[in-house]
K.L.:
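Mind having a look at this structure? Questions to follow.
We're numbering straight along the sequence, starting at 1.
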Amino acid sequence: MTYPAEQERLLVEAGQALARRDPHAALRLLDQADQFGKTHNATLNRAVALRLLGDYHASLRVLDDALDMRPYDFMALLAKGAMLEKINQTKAAVEVYRNALKIAPPRASCPPGVVSQMDYASSLIDRHARALAEFMKDRIAPLKADLGEASRDRFEEGLEIYAGLKQPPKQQPLLLNYPRLPVIPFYDRTLFPWLARLEEATPVIQAELATLLETAFDDFSPYIAYPKGAPVNQWGELNHSRKWSSLFLWKDGLRQDEACARAPRTAALLESLPMADQEGFAPTAMFSALQPKTHIPPHTGSSNVRLLTHLPLVLPGPARFRVGNTVREWEMGRAWVFDDTIEHEAWNEADAMRVILIFDVWNPYLDDGEKRLITEMMKAQREFTIDQAPSRN
């Protein structure tokens, strides 16, 4: 905005007065500048002058005038949060700070003082969320006794989301986000009655795995293998690294006959289970080996039309797995089914290698007709997007 020269001079001098912490002079100059018409910058400076005078209520009213002119002014929102704290309205300040941080510019573009204000706002929001969560937990504590374990876990996550401590998990598939499928980190075991049979076979699978680890561990290949020049993002440490390696029994729908021949009873068991069956896409089944003190960073899978099954086979010590807001420890002989399109990560904190069996199954909320249609749809999309080299004729 272009100001009249006299107004511009007055505004500059008001800013200089604030710099030397002379709020009375600044207000006189701002009163004169306002004769030419009120401006956003002058209104913000008036709020600063009033704050320096200790008139926090008046400063707050003026900040509201500034926000009326520009509702999404980040600095005005930060200042309003600070003034609300000054008049002991901390809970109202938290909401203002939360809105301010939603529109915050990149930290790298902010001066150190503003970054400090942002960090302070974040810490206040977090403290408020923790206090709110504890208050709600105390209030509902007598009612929790009637809940089953699964319902109690879900409720506790819901309370922490409601308090602002956690974000609700969401599906972020890399390939297909099929609509109207539930967002469930770990699925109820009753949906997969075959899990018991899989778990009972743990010793058989372990025996075949032990032979593979002894005689063919060199055939386990790095699970992350980006080509040269591709952006590796969070996978820099694990790219082409045997810290996380795998031996595929099925890969993108193709049976790996040589590997299956080395673990025939495991392969036969998998063939008897309702693995996902999509030509060119699924099933995928593998032994997954994670070296000691190794972390698989947060990531998401390709499609919510199928889920992943984990069966632990080698657990030398602490090994954690997170899906969304839920963290579990693997337990020998206990499998689980989870939605890998929800952000997940894994840690092997033991001093030796951890190995699990992984394979994919259809999402149980799809019917057989949908499965066929989804497969054909995905095949058609792949065919359509294949690059065709132009003819040289």
K.L.:
Evaluate the side chain to side chain contact (heavy atoms under 4.5 Å, CB included) criterion for residues Asp367 and Glu370: first the C-alpha distance (whole Å), next the side-chain angles of each, then the deciding distance (0.1 Å), finally the verdict.
P.N.:
CA-CA 5 Å; Asp367 63 35; Glu370 275 185 298; 3.4 Å; yes
K.L.:
So which heavy atom on Phe359 is nearest to which on Ala285, and how close?
P.N.:
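Where Phe359 meets Ala285 most closely, the heavy atoms are CB-CB, 3.7 Å.
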K.L.:
I need the Leu132 CG to Lys91 NZ distance, nearest 0.5 Å.
P.N.:
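If we round to the nearest 0.5 Å, Leu132:CG and Lys91:NZ are 8.5 Å apart.
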K.L.:
Same hydrophobic cluster for Trp244 and Ile356, using side-chain heavy-atom links shorter than 4.5 Å among ILVMFWY?
P.N.:
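Linked, Trp244 and Ile356 end up in one cluster.
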K.L.:
Do the side chains of Val183 and Phe321 join up, straight or via other hydrophobic residues, at under 4.5 Å, putting them in one cluster?
P.N.:
yes
K.L.:
May I ask you to check if Arg180 and Tyr365 form a cation-pi contact, with NZ or CZ under 6.0 angstrom from the six-membered ring centre and within 45° of the axis?
P.N.:
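Because its charged atom misses either the 6.0 Å distance or the 45° angle limit, Arg180 does not stack over Tyr365.
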K.L.:
For His344 and His299, take the angle between the two ring planes, folded into 0 to 90°, and tell me which bin it lands in: parallel under 30, tilted 30 to 60, perpendicular over 60.
P.N.:
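Geometry flag for His299 against His344: tilted rings.
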K.L.:
Leu212 versus Asp219: any side-chain heavy-atom pair under 4.5 Å?
P.N.:
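With C-beta onward as the side chain, the pair stays apart.
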K.L.:
Take atom OH in Tyr223; do more than 12 heavy atoms of anything else shown fall under 6.0 Å from it?
P.N.:
no
K.L.:
Identify whether Ile161 and Ile125 are in the same connected component of the hydrophobic contact network (ILVMFWY, side-chain heavy atoms under 4.5 Å).
P.N.:
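Looking at the clustering, Ile125 is in a separate group from Ile161.
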K.L.:
Is it the case that more than 12 heavy atoms not belonging to Glu349 sit under 6.0 Å from its CD atom?
P.N.:
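Yes - once you tally the heavy atoms of other residues, nucleotides and ligands closer than 6.0 Å, there are more than 12.
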K.L.:
Cation-pi between Arg306 and Trp362: NZ/CZ under 6.0 Å from ring centre and within 45° of the ring axis?
P.N.:
no
K.L.:
More than 12 heavy atoms of other residues, nucleotides or ligands under 6.0 Å from OH of Tyr162: yes or no?
P.N.:
no
K.L.:
From Thr300 OG1 over to Asp340 CG, what is the distance, rounded to the nearest 0.5 angstrom?
P.N.:
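If I round to the nearest 0.5 Å, the distance is 7.5 Å.
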K.L.:
Measure from NZ or CZ of Arg382 to the centre of the six-membered ring of Phe281, then state whether that distance is under 6.0 Å and the direction lies within 45° of the axis.
P.N.:
yes
K.L.:
Asp65 versus Arg46: any side-chain heavy-atom pair under 4.5 Å?
P.N.:
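No; the side chains remain at least 4.5 Å from each other.
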K.L.:
I need the minimum non-hydrogen distance between Val62 and Thr43, along with the two atoms involved.
P.N.:
CG1-O, 3.2 Å
K.L.:
Under the criterion side-chain contact (heavy atoms from CB on, under 4.5 Å), which of Glu85, His128, Gln89 is the partner of Val94?
P.N.:
His128
K.L.:
Is it the case that over 12 heavy atoms from other parts of the model lie below 6.0 angstrom from the CZ atom of Arg372?
P.N.:
no
K.L.:
Surrounding NZ of Lys251 (heavy atoms of other residues, nucleotides or ligands, distance under 6.0 Å), is the total greater than 12?
P.N.:
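For Lys251, atom NZ is not crowded (no more than 12 foreign heavy atoms under 6.0 Å).
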K.L.:
Quick check for you: to the nearest 0.5 Å, what is the distance between Leu175 atom CG and Thr341 atom OG1?
P.N.:
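If I round to the nearest 0.5 Å, the distance is 11.5 Å.
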K.L.:
Passes side chain to side chain contact (heavy atoms under 4.5 Å, CB included), Arg61 versus Leu50? Steps please.
P.N.:
CA-CA 10 Å; Arg61 289 193 296 270; Leu50 291 167; over 6 Å; no
K.L.:
If you count heavy atoms of other groups shown closer than 6.0 angstrom to CZ of Arg127, is the number above 12?
P.N.:
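More than 12 heavy atoms, drawn from other residues, nucleotides or ligands, come within 6.0 Å of this atom.
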K.L.:
Checking Lys80 against Asp73 for the salt bridge (Lys or Arg N to Asp or Glu O under 4.0 Å) test, could you report, in this order, the C-alpha distance in whole Å, the side-chain angles of both residues, the deciding distance, and whether it holds?
P.N.:
CA-CA 11 Å; Lys80 181 176 179 179; Asp73 187 288; over 6 Å; no
K.L.:
Are Asn45 and Leu11 close enough that some pair of their side-chain heavy atoms sits under 4.5 Å apart?
P.N.:
no
K.L.:
Judged by modelled atom types alone, do Thr39 and Asn41 share a side-chain donor-acceptor pair under 3.5 Å?
P.N.:
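Per modelled atom types, Thr39 and Asn41 side chains form no pair under 3.5 Å.
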K.L.:
Which heavy atom of Pro23 sits nearest a heavy atom of Leu53, and at what distance?
P.N.:
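The pair with the smallest heavy-atom distance is CG-CD2, 3.6 Å.
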K.L.:
Within the 4.5 Å heavy-atom criterion, are Tyr178 and Pro173 side-chain neighbours or not?
P.N.:
no
K.L.:
As a quick check of understanding, evaluate side chain to side chain contact (heavy atoms under 4.5 Å, CB included) for Thr326 and Asp153, giving each step before the final call.
P.N.:
CA-CA 9 Å; Thr326 306; Asp153 287 346; over 6 Å; no
K.L.:
Counting distance only, does the side-chain N/O of Gln172 pair as donor-acceptor with the main-chain N or O of Glu343 below 3.5 Å?
P.N.:
no
K.L.:
When you compare the side chain of Arg354 with that of Ser288, does any pair of heavy atoms fall below 4.5 Å?
P.N.:
yes
K.L.:
With a 4.5 Å limit on heavy-atom distance, are the side chains of Tyr56 and Arg51 in contact?
P.N.:
yes
K.L.:
Is it true that the side chains of Arg197 and Ser272 contain a donor and an acceptor less than 3.5 Å apart?
P.N.:
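Distance-only check passes for Arg197 and Ser272.
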K.L.:
What are the two closest non-hydrogen atoms of Ser246 and Met286, and how far apart are they?
P.N.:
CB-SD, 3.7 Å
K.L.:
With a 4.5 Å cut-off on side-chain heavy-atom distances among I, L, V, M, F, W and Y, is there a chain of contacts connecting Phe248 to Phe220?
P.N.:
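As far as the 4.5 Å side-chain criterion goes, Phe220 and Phe248 are not connected within one cluster.
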K.L.:
Rounded to the nearest 0.5 Å, what separation is found between the CG atom of Leu311 and the CG atom of Leu313?
P.N.:
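Between Leu311 CG and Leu313 CG, I get 5.0 Å after rounding to 0.5 Å.
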K.L.:
With a cut-off of 6.0 Å (strictly less than), are more than 12 heavy atoms of other residues, nucleotides or ligands near CD of Gln381?
P.N.:
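More than 12 heavy atoms, drawn from other residues, nucleotides or ligands, come within 6.0 Å of this atom.
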K.L.:
Please report the interatomic distance CG(Leu357) to NE2(His310), rounded to the nearest 0.5 Å.
P.N.:
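Going from CG on Leu357 over to NE2 on His310, the span is 9.0 Å.
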K.L.:
Which distance, rounded to the nearest 0.5 Å, do you find between the NE2 of His57 and the CE of Met83?
P.N.:
11.0 Å
K.L.:
Would you call Tyr97 and Leu84 a side-chain contact if the rule is heavy atoms closer than 4.5 Å?
P.N.:
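Tyr97 does not reach Leu84 side chain to side chain.
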K.L.:
Indicate, with yes or no, if Val232 and Ile224 share a hydrophobic cluster defined by side-chain heavy-atom contacts under 4.5 Å among Ile, Leu, Val, Met, Phe, Trp and Tyr.
P.N.:
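Yes; tracing contacts between hydrophobic side chains, which count when under 4.5 Å, links both residues.
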K.L.:
Does a sphere of radius 6.0 Å around NE2 in His24 hold more than 12 heavy atoms from other residues, nucleotides or ligands, not counting ones at 6.0 Å or beyond?
P.N.:
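Counting other residues, nucleotides and ligands, NE2 of His24 stays at 12 neighbours or fewer.
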K.L.:
Would you say Gln278 and Lys379 make side-chain contact, with heavy atoms under 4.5 Å?
P.N.:
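They are not in side-chain contact.
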